[in-house]
S.K.: 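The structure's right below; bear with me while I get my questions together.
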Amino acid sequence: MNKSRIYIAYTGGTIGMKHTEHGHAPCSGYLESALRAQPEFQNDSLPDIVFQEYPNLIDSSNITLQHWNELAEDIQQRYDDFDGFVILHGTDTMAYSAAALSFMLQNLGKPVIFTGSQIPFAELRSDARDNLIGAIQLAASSKIPEVSLYFHNTLYRGNCCTKTDSSGFAAYQSPNYPNLASVGIDIKINHQVILEQPSERLKLTRMEHNEIGTLHIFPGISAKVLENYLRQPVKGLILLTYGSGNIPSDDAELVKLISNASARGVVIVNCSQCLSGKVNMSAYETGNILERAGVVNAGDMMLEACITKLLWLLSQHQDPIIIRQQMSTELCGEIRL
Ligand code: ASP
């Protein structure tokens, strides 16, 4: 039987970092030589692997839209040659990148799995080996046609997860959507929650730079701050609201700024500060006021999905009516209203 072919794109992150006098930093060639020295990576039961180190390895805090475009183009170019793709990435922005690629790679029919680690591969007690082997095996055998994120024995939908622990091995959670798979003695795939195979061919849409912002609502927030956030050239603003999507509605100036900005075409999105649950702008008067001001419901979307979806929609459309409508429509498993 033919072996599966897996493409590993190594973009940077702790997984391949070395300790320097200024803290951990990426180091060219270091991860590949550490992998070659590990007997389990020469194991015959692994699929055929092509390992590609990117020329400019980064700490993922430095990720940009340009990196997402290059990564998505790289996958598109090699799409027919491989059965699955593993992206080695820093953990800090991995959920943003996974969500971004889920929108950019429409009609994806093969697994694209992000992984990384909390401790560098070459260090004792590293979580890198398990994360990498699990991701490779899932990419080779699961046939899950989604952008996903594998960490600490769990496969998450890429646009439904978030980094919730900066130091523990179980660094991610998917609070609003079931895990796609779990790895223990056996690999268990949760088939009922996986997207269907697309009938059309992979289509790539690039990310273009656009001015957007996020504003965390808190008791005592000043309307002046919001006014600054809404200045030109901002095209979109994600409000991180209380509970089921509420704001201090007694502040008439705040409400007026929001409805005026909406009326002049700024796409304002209501995303809850709560990790689980969803926005419901009919529940309270303090949330309903946003609906009446033309604010879009982000449902149960994670902030990472909300930001990358807004950027992606602004890359393709100019009409705020279309962007608002698409923002609260499910495109690739990212939202439930
Ligand atoms: N700062 C690192 C990064 O995101 C953290 C990590 O990879 O765990 O690249």
Side-chain angles (χ1 to χ4, degrees), residues 8-35 38 41 51-72 74-75 85-102 104 112-136 138-139 147-174 183 207 214 275 302-308 311:
I8 302 183
Y10 167 38
T11 67
T14 296
I15 191 163
M17 285 189 186
K18 225 178 171 173
H19 192 66
T20 73
E21 58 174 318
H22 302 298
H24 282 107
C27 175
S28 175
Y30 188 59
L31 179 60
E32 195 171 2
S33 59
L35 283 173
Q38 289 275 329
F41 285 93
F51 182 92
Q52 179 69 51
E53 176 181 296
Y54 277 18
N56 178 24
L57 296 174
I58 56 166
D59 182 306
S60 76
S61 305
N62 284 315
I63 200 98
T64 61
L65 274 58
Q66 185 51 30
H67 291 107
W68 290 341
N69 287 332
E70 285 166 14
L71 185 54
D74 189 18
I75 292 171
F85 299 83
V86 173
I87 319 294
L88 301 183
H89 193 289
T91 60
D92 287 346
T93 59
M94 199 182 324
Y96 289 89
S97 295
L101 263 75
S102 76
M104 295 165 76
V112 171
I113 306 181
F114 279 79
T115 196
S117 68
Q118 295 279 47
I119 299 181
F121 188 93
E123 285 182 23
L124 209 61
R125 283 198 317 105
S126 173
D127 50 334
R129 183 188 162 280
D130 282 354
N131 288 345
L132 180 52
I133 291 184
I136 292 171
L138 283 160
V147 176
S148 56
L149 188 154
Y150 180 73
F151 222 83
H152 195 58
N153 307 324
T154 309
L155 188 73
Y156 305 98
R157 175 166 290 168
N159 55 32
C160 289
C161 60
T162 183
K163 184 176 178 183
T164 53
D165 193 336
S166 63
S167 55
F169 285 155
Y172 293 88
Q173 283 181 46
S174 174
V183 175
M207 286 280 196
T214 65
L275 211 49
M302 292 289 103
L303 180 60
E304 292 87 337
C306 219
I307 290 173
T308 53
L311 282 170

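Order of appearance sets the numbers: ligands from 1, and atoms from 1 within every ligand. Please read these numbers as outputs of a predicted model, since none were measured by experiment. Count residues from 1 along the sequence.
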S.K.: For a quick test of reading the model, state the closest non-hydrogen atom pair linking A95 to C161 and the distance between them.
M.R.: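 Shortest heavy-atom separation between A95 and C161 comes out as CB-O, 3.5 Å.
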S.K.: Below 3.5 Å, N or O to N or O, backbone or side chain included: is there any such pair between T93 and ligand 1?
M.R.: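 Between T93 and ligand 1, no N or O pair is found under 3.5 Å apart.
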S.K.: Starting from atom 1 (N) of ligand 1, locate the nearest protein heavy atom and write down its residue, its atom name and how far away it is, to 0.1 Å.
M.R.: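 Here the nearest protein heavy atom works out to D92 OD2, 2.8 Å.
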S.K.: Which atoms of ligand 1 are found less than 4.0 Å from any heavy atom of S117?
M.R.: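 Counting from 1, the qualifying ligand atoms are 8 (O).
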S.K.: Please write down residue, atom name and distance for the protein heavy atom closest to atom 9 (O) of ligand 1.
M.R.: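 Here the nearest protein heavy atom works out to S60 N, 2.7 Å.
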S.K.: N/O of K163 under 3.5 Å from N/O of ligand 1, yes or no?
M.R.: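 Among all N and O atoms of K163, none is under 3.5 Å from an N or O of ligand 1.
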S.K.: Do any nitrogen or oxygen atoms of H89 lie less than 3.5 angstrom from nitrogen or oxygen atoms of ligand 1?
M.R.: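 No, since none of the N or O atoms of H89 sits under 3.5 Å from an N or O of ligand 1.
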S.K.: Do D92 and S61 pair up side chain to side chain, a donor and an acceptor below 3.5 Å, judged on atom types alone?
M.R.: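 Yes, because at least one side-chain N or O of D92 sits under 3.5 Å from a partner of the opposite role on S61.
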S.K.: Looking at every heavy atom in both V86 and A135, which two are closest together, and how far apart are they?
M.R.: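 Smallest heavy-atom distance, with atoms named: CG2-O, 3.8 Å.
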S.K.: For atom 8 (O) of ligand 1, what's the nearest protein heavy-atom neighbour? Residue, atom name and distance, please.
M.R.: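 Ranking protein heavy atoms by distance from atom 8 (O) of ligand 1, first comes T91 OG1, 2.5 Å.
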S.K.: Under 4.0 Å from a heavy atom of T14: give me the atoms of ligand 1 that qualify, with their elements.
M.R.: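 Taking each heavy atom of T14 in turn, ligand 1 has 2 (C), 5 (C), 6 (C), 7 (O), 8 (O) under 4.0 Å.
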S.K.: Parallel under 30°, tilted from 30 to 60°, perpendicular over 60°: which one fits the rings of H24 and H19?
M.R.: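 If you compare the ring of H24 with that of H19, the planes turn out perpendicular.
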S.K.: Does A171 have a non-hydrogen atom less than 4.0 Å from ligand 1?
M.R.: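 It does not, in that no heavy atom of A171 comes within the 4.0 Å cut-off of ligand 1.
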S.K.: Show me which atoms of ligand 1 lie under 4.0 Å from any heavy atom of G13.
M.R.: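 That gives atoms 7 (O), 9 (O) of ligand 1.
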S.K.: Do you know the tightest heavy-atom contact between A99 and A305?
M.R.: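 Heavy atoms of A99 and A305 come nearest at CB-CA, 4.0 Å.
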S.K.: Would one find an N or O of D59, backbone or side chain, under 3.5 Å from an N or O of ligand 1?
M.R.: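 D59 vs ligand 1: N/O contact under 3.5 Å present.
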S.K.: Angle between ring planes, F169 versus H152, binned at 30° and 60°: parallel, tilted or perpendicular?
M.R.: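 Correct class here is tilted.
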S.K.: Can we call the ring centroids of F41 and F121 under 6.0 Å apart?
M.R.: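 So the answer is yes for these two rings.
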S.K.: Please work out whether the ring planes of Y156 and Y172 are parallel, tilted or perpendicular, with thresholds of 30° and 60°.
M.R.: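 Tilted.
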